[in-house]
There are 2 protein chains.
Amino acid sequence: MMELDEIDRKILRALAEDATQNAGALGRCLGLSQPATWRRIKRLQDSGVITGRKLDLDYEKLGFGVTVFLGVKLATKGRVSLEDFERAVTAIPEVQTVEHVLGLFDYRLRVTARDIADFERVLRRRIMTLPGIGDVEANVLLSEERRPGPLG
Amino acid sequence: MMELDEIDRKILRALAEDATQNAGALGRCLGLSQPATWRRIKRLQDSGVITGRKLDLDYEKLGFGVTVFLGVKLATKGRVSLEDFERAVTAIPEVQTVEHVLGLFDYRLRVTARDIADFERVLRRRIMTLPGIGDVEANVLLSEERRPGPLG
DNA sequence: GATGAAATATAAATGAC
DNA sequence: GTCATTTATATTTCATC
């Protein structure tokens with residue numbers, strides 16, 4: 001676990017919102033020089049707090065207008081079942097996220113499809129045929145807001 | 001909706017994995033010059049397919065070792081109730097994601113906390129006191145894998 | 001329309017203090 | 001931490017297919 005001061009938190013908050021801004025501009029907002037800001041960012045990367053930078057894609061623009069969250073309960077458990085399920089589910093291109101969870105469900109999946117008809121195809125041919133699959137519950141995404149989360 | 005060729009898809013796949021790589025290196029992998037690659041990336045940004053770049057943070061390193069997914073059913077619905085709920089829930093710093101969904105639940109929340117005791121505090125003081133909140137279901141995150149998703 | 005080569009602008013990275 | 005500098009990358013220009 002990493003010790004952060006208030007400036008580090010401001011840097012993380014700013015870059016969590018928009019990772020394209022450069023060290024010079026970000027530093028000016030914080031009253032810091034470009035090298036000082038850059039070294040703080042590098043320290044956050046080297047310490048593993050920042051693990052990477054990823055693209056935000058508009059899947060609607062790509063023709064994928066339907067996103068569904070599936071809660072999955074396995075019918076058969078045990079080490080092999082979990083591994084089989086995970087191997088098979090990660091091979092489905094429409095599955096964006098696989099979350100192994102504890103609670104009413106065993107896995108939560110984020111699935112995207114072109115439309116409802118396409119989603120039905122994915123559900124019937126790919127999801128319901130997964131090894132060990134049991135009960136499945138679905139929620140269709142209407143809108144989503146992501147926030148930076150707490151930073152210490 | 002945007003027309004993409006195979007090279008655009010390869011660029012998106014590569015940048016979705018790691019948005020830090022530069023146009024020159026990425027272009028060499030694809031047999032393309034640096035300006036050609038850069039112009040394609042810019043085109044994807046201008047067309048709105050790429051909506052931004054965000055940091056990937058290790059919340060465990062920040063001291064937040066517990067992530068819980070909450071399914072929330074509202075007790076009272078209607079336009080005002082939804083807006084009140086959304087305004088209040090987005091003001092909770094531990095809430096990383098607010099998803100308005102259709103199905104068994106009305107909202108799905110991704111909540112992070114320092115530990116289970118901290119999560120109980122957030123749940124009792126912040127979540128269960130949200131305006132209009134009804135049934136709540138919880139799943140604790142064990143592990144997670146994100147994949148690029150389909151790209152056309 | 002697309003590209004690549006070359007030139008320029010900007011940001012990243014380093015060194016000295 | 002700053003400031004000055006070097007190095008790398010992003011961005012524009014232009015000729016070409």
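A, B, ... follow the sequence lines: proteins, then strands. Residue 1 opens every chain. Worth knowing before you read on, the calculation uses all heavy atoms, side chains too, and leaves out hydrogens, waters and symmetry mates.
- With hydrogens and angles left out, the side-chain atoms of B/Gln21 and A/Arg53 include no donor and acceptor closer than 3.5 Å.
- Checked against D/dA10, D/dT2, C/dT3, the side chain of A/Ser33 finds its nearest nucleotide in D/dT2.
- Candidate nucleotides D/dA4, D/dT9, C/dA11 were compared by shortest atom distance to the side chain of B/Asn22, and D/dT9 ranks first.
- In this structure, A/Ile11 atom CD1 and D/dG1 atom C1' are separated by 13 Å, rounded to whole Å.
- Nearest-nucleotide mapping onto DNA chain C: of A/Arg39 and B/Arg43, the residue sitting toward the 5' end is B/Arg43.
- Judged by closest nucleotide on DNA chain D, A/Arg40 is the one of A/Arg40 and A/Gln34 placed further toward the 5' end.
- A salt bridge links B/Arg110 to A/Glu99: one of the charged nitrogens lies within less than 4.0 Å of a carboxylate oxygen.
- Closest to the side chain of A/Trp38, from the set C/dT3, C/dA12, D/dA10, is C/dA12.
- Residue A/Ile41 contributes atom CD1, which lies 12 Å from atom C1' of C/dA13 at whole-angstrom precision.
- A/Arg147 and B/Gln96 share no side-chain donor-acceptor pair at under 3.5 Å.
- Residues A/Leu104 and B/Asn139 share a closest heavy-atom pair of N-ND2, 3.3 Å.
- Side chain of B/Ala36, nearest nucleotide from C/dT3, D/dT12, D/dT2: C/dT3.
- A straight line from NZ of B/Lys42 to C1' of D/dT11 spans 9 Å, rounded to a whole angstrom.
- To the nearest angstrom, C1' of D/dA8 lies 16 Å from CG of B/Leu26.
- Rounded to whole Å, the distance from CZ on B/Arg53 to C1' on D/dA10 is 11 Å.
- Rounded to a whole Å, the CG atom of A/Leu32 is 14 Å from the P atom of C/dA12.
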